[in-house]
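Just below is one structure, and these are the notes that go with it.
We number each residue from 1, following the sequence as shown. Note that the coordinates shown come from a computational prediction; the quantities given were computed from them, not determined experimentally.
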Amino acid sequence: MGKAISLANALTHAIMATDMTDAGKGMVERVLPFALFGTAGLKIYLLILAILMIALVLAVLVGFLVRVAVMALLAVGAPSCWRVTPTR
């Protein structure tokens, strides 16, 4: 695994002529002022992100409730499935 990481770092350095850490620092320096001081579309982006996050949390909660309901139904219905009919 270490060799793969070293190879990836070497390829990145060869292609971009810089380390990814330097590229990451440059990206942060370019993006950070927009995040701090805002742009025209930042508020709508944050609104869409918040709505998406709420929808995903609700989807997980509904899935959990459905799972609990199915397990409860299986637990209630299980004794009737194992009823042995008497043979004469």
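In the hydrophobic clustering (ILVMFWY side chains linked at under 4.5 Å, chained through shared members), V57 is joined by L61. Grouped with L52 in one hydrophobic cluster are L56, the linkage being side-chain heavy-atom contacts under 4.5 Å among Ile, Leu, Val, Met, Phe, Trp and Tyr residues. Through chains of ILVMFWY side-chain contacts below 4.5 Å, L58 is grouped with I54.
Residues satisfying the side chain to side chain contact (heavy atoms under 4.5 Å, CB included) criterion with V60, sequence neighbours excluded, are absent altogether.
Taking hydrophobic clusters as Ile, Leu, Val, Met, Phe, Trp and Tyr residues chained together by side-chain heavy-atom distances below 4.5 Å, V76 does not share a cluster with V68.
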